[in-house]
Number of protein chains: 4
Amino acid sequence: MGGMGGTDGTKQRRRGNTRQRIQDVALELFAEQGYEKTSLREIAERLDVTKAALYYHFKTKEEIIVSLFEDLTKPIEELIAWGREQPNTLETKRELLRRYGVALTEAEPLFRFMQENQATVRDLSIGMMFKNRMKGMREIVIDPDADLVDQVRCISALFTMHAGMFVFQELAGDPEDKREAVLEVAIDLITQAHGGARKSS
Amino acid sequence: MGGMGGTDGTKQRRRGNTRQRIQDVALELFAEQGYEKTSLREIAERLDVTKAALYYHFKTKEEIIVSLFEDLTKPIEELIAWGREQPNTLETKRELLRRYGVALTEAEPLFRFMQENQATVRDLSIGMMFKNRMKGMREIVIDPDADLVDQVRCISALFTMHAGMFVFQELAGDPEDKREAVLEVAIDLITQAHGGARKSS
Amino acid sequence: MGGMGGTDGTKQRRRGNTRQRIQDVALELFAEQGYEKTSLREIAERLDVTKAALYYHFKTKEEIIVSLFEDLTKPIEELIAWGREQPNTLETKRELLRRYGVALTEAEPLFRFMQENQATVRDLSIGMMFKNRMKGMREIVIDPDADLVDQVRCISALFTMHAGMFVFQELAGDPEDKREAVLEVAIDLITQAHGGARKSS
Amino acid sequence: MGGMGGTDGTKQRRRGNTRQRIQDVALELFAEQGYEKTSLREIAERLDVTKAALYYHFKTKEEIIVSLFEDLTKPIEELIAWGREQPNTLETKRELLRRYGVALTEAEPLFRFMQENQATVRDLSIGMMFKNRMKGMREIVIDPDADLVDQVRCISALFTMHAGMFVFQELAGDPEDKREAVLEVAIDLITQAHGGARKSS
DNA sequence: CATGAATGAGCTTTCATTCAT
DNA sequence: TATGAATGAAAGCTCATTCAT
């Protein structure tokens, strides 16, 4: 322990990482308590800086969540771009879901936040961006000529992954196993939607 | 000049139904804007009464949402009670989902609210109640000895219904058709979980 | 001595006059320190109420000054209406100035405030109203066909009255005498503008 | 690539004139929006420097306006000094007003600012200086033994010039003509105050 | 059954200013 | 000469809640 000060109560400061630290703490609190119930005072206190310091790094409270969204959902954006370029096959869709699972896991707190604060997110500027991302995923996964039930299956697949990541946490079992199970169900759903037989379980 | 007033521009007193009207307006606003972003002032203004009047009918803001929850989820509570008494068969589960769909539809704004404000709901007193209801549903639908993937299928079925009710609203198509499609996918999922073959689409 | 309490430190309250008291104190402070340098905290403290109480009576800080303006400038509005209906004679204009002097004197603190905070007033909503009032006065007093110098004389007359009311306060002499002198100079100016000979002094 | 930089998009350093540029921008903004509504952030942004840079050149915000006042009102100070040395004749006063008009015109934005922000100016340190300058002008122009009306005429003359410069801008007409008209009215006023006949218009 | 008036705590945001580098 | 990072104080405003009437 030691090295970079702070062990003696001295305020360690001016280590260009404040912006990052704000994002980290903010995400933690947003995910835990929700966006509106997290006040800037709270964030500032936890970082041992003043509220005004936050405003040096972000113009508004909203900008904090926007920056988090932009930073953390880049992989998903890239995934959608990748998906659009692939041939429209079942295997593409399966791979998409696999990668989606990884992306969701990596930015888990953000996605849990989005899940649990949809009403809030909706009228923040990230609402639109999020909606567009979801639309992008749907467009890759759904065949618009398929019958309605199969379309629902595809959306259900996305949902299963989405919600699954977080809800299943509460249940017992090895997280890795659960993640795989969720993925399998999701893949199964799009496979069925594609007219394929489902894997015998 | 008789009847129930209001013909002359006088403030129409709708007798004893103020409590009801508060609930109606509150639910509408909660569903539309979220719980914290809906202020009592707003509710009061829309009803053309004062904030203080709300406090005659409800001790706190939270009591309003609690009363809504209690009133509107009674059917679900009863459904769970019903489910527990039935033999633990696939057909029971199918029927449970069918009835669940009806119940969700009938209290749609409340459930949309719950969906979109999970973070908020979580630390309101209804959080626990809601969680317990969900647990009740799961216990009926899931076979604890089944393999993990099948358990996930069951939860996914519940989720599909849950989210489906609201998300699919945005998509084109006859609402009734969509509701049926969602139900079919959900039933299909628990059927598979039960080891059965899926309905050929 | 007493009657209405408050002499013993008891908070005297709920005497429907709070709104009025807010206006009084606010005007006093606005006139003394300017609009932006007067904070709502200051007003509230001087009234021994909380800031929130102010917001019960006025929706915004701006609404306070607007209400003052509307209440206190009604006489001027009426004066302009009166002026428009009179025959366009020199005597009308003279009488207008006489009455204007009275009106200005009666709402003196407001007009001093307007004089000394023009930049502020300009981008409050009262800016427009004030401008329009001034335009109204000009239209009655100025003959648009007169030569430029005479037009300036008329505006100068208005200005003299306006500023005179407040600037001359600083100078020695009986206030009543000064007011009369100002009025005389103003009347003299529009008389000259009318082509008349000036009163021998 | 020579000269003073800036040809390649690099931040152009205009050598030692930053102080001057701060003054220019500050005056522009102060005149446009008022002193308190103009923040240092705004000034800095418009100059594309940081707020801290302003503090290298000026110790406080107030120092900026003080420096502007001192720099720009030197001609008026000199004018007063000149006036005091002249014989106390009508012609002196006329000439004083003529020169005053020129001085006001040359530092127009500053004087408009002073006019429109009297409340602010009053409790800045320039308040006193300004008051003293005005007193100086009055002492030259007013004959303390004249009757009150004539004294008012003199002050009115000063006011007419002062306010006239800015208010008349809004009105139609050639600026130069208006300036002359204003000057003529002002001179007329002091002429009358001196007991002289007014110029037939 | 409801209102009028008020409060206390809190919020997001802005500002002038400081100082080590 | 200037910047990057931060602060302390205060601002305007909103909210859930209370209570005498």
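Just so we're on the same page: letters track the sequence lines, and every chain starts at 1.
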- Item | A:L54: which of A:V49, A:T60, A:T18 passes side-chain contact (heavy atoms from CB on, under 4.5 Å) | A:V49

- Message: Testing the basics here: between D:T50 and D:A44, what is the closest heavy-atom pair and its distance to 0.1 Å?
- Response: C-CB, 3.7 Å

- Item | Nucleotide nearest C:T18 (side chain, heavy atoms from C-beta), chosen from E:dA5, E:dT7, F:dA16 | E:dA5

- Nucleotide nearest A:V49 (side chain, heavy atoms from C-beta), chosen from F:dA11, F:dT7, E:dT7: F:dT7

- Message: Rounded to whole Å, please give me the gap between CD1 in B:I43 and C1' in F:dT17.
- Response: 14 Å

- Task: Let me know the distance between OH of B:Y56 and P of F:dA20, rounded to the nearest Å.
- Result: 17 Å

- Query: Of all the nucleotides listed (F:dA11, E:dT13, F:dA16), which has the minimum atom distance to the side chain of A:K61?
  - Reply: E:dT13

- Looking at the side chain of C:R41, which of E:dT12, F:dG12, F:dA10 is the nearest nucleotide? F:dA10

- Task: Record whether the side chain of D:K51 comes under 3.5 Å of the base of E:dT17 through a donor-acceptor pair of N or O atoms.
- Result: yes

- What nucleotide, of E:dA16, E:dT3, F:dC13, holds the atom closest to the side chain of B:T50? E:dT3

- Message: Quick check: on DNA chain E, is the nucleotide nearest A:K59 upstream (toward 5') of the one nearest C:L54, or the reverse? Name the residue that is more 5'.
- Response: C:L54

- Item | Per D:T60 side chain, nearest of listed nucleotides E:dT17, F:dC13, F:dC15 | E:dT17

- Message: Counting only side-chain heavy atoms from C-beta out, which of E:dA2, E:dT13, E:dT17 sits nearest to A:Y55?
- Response: E:dT13

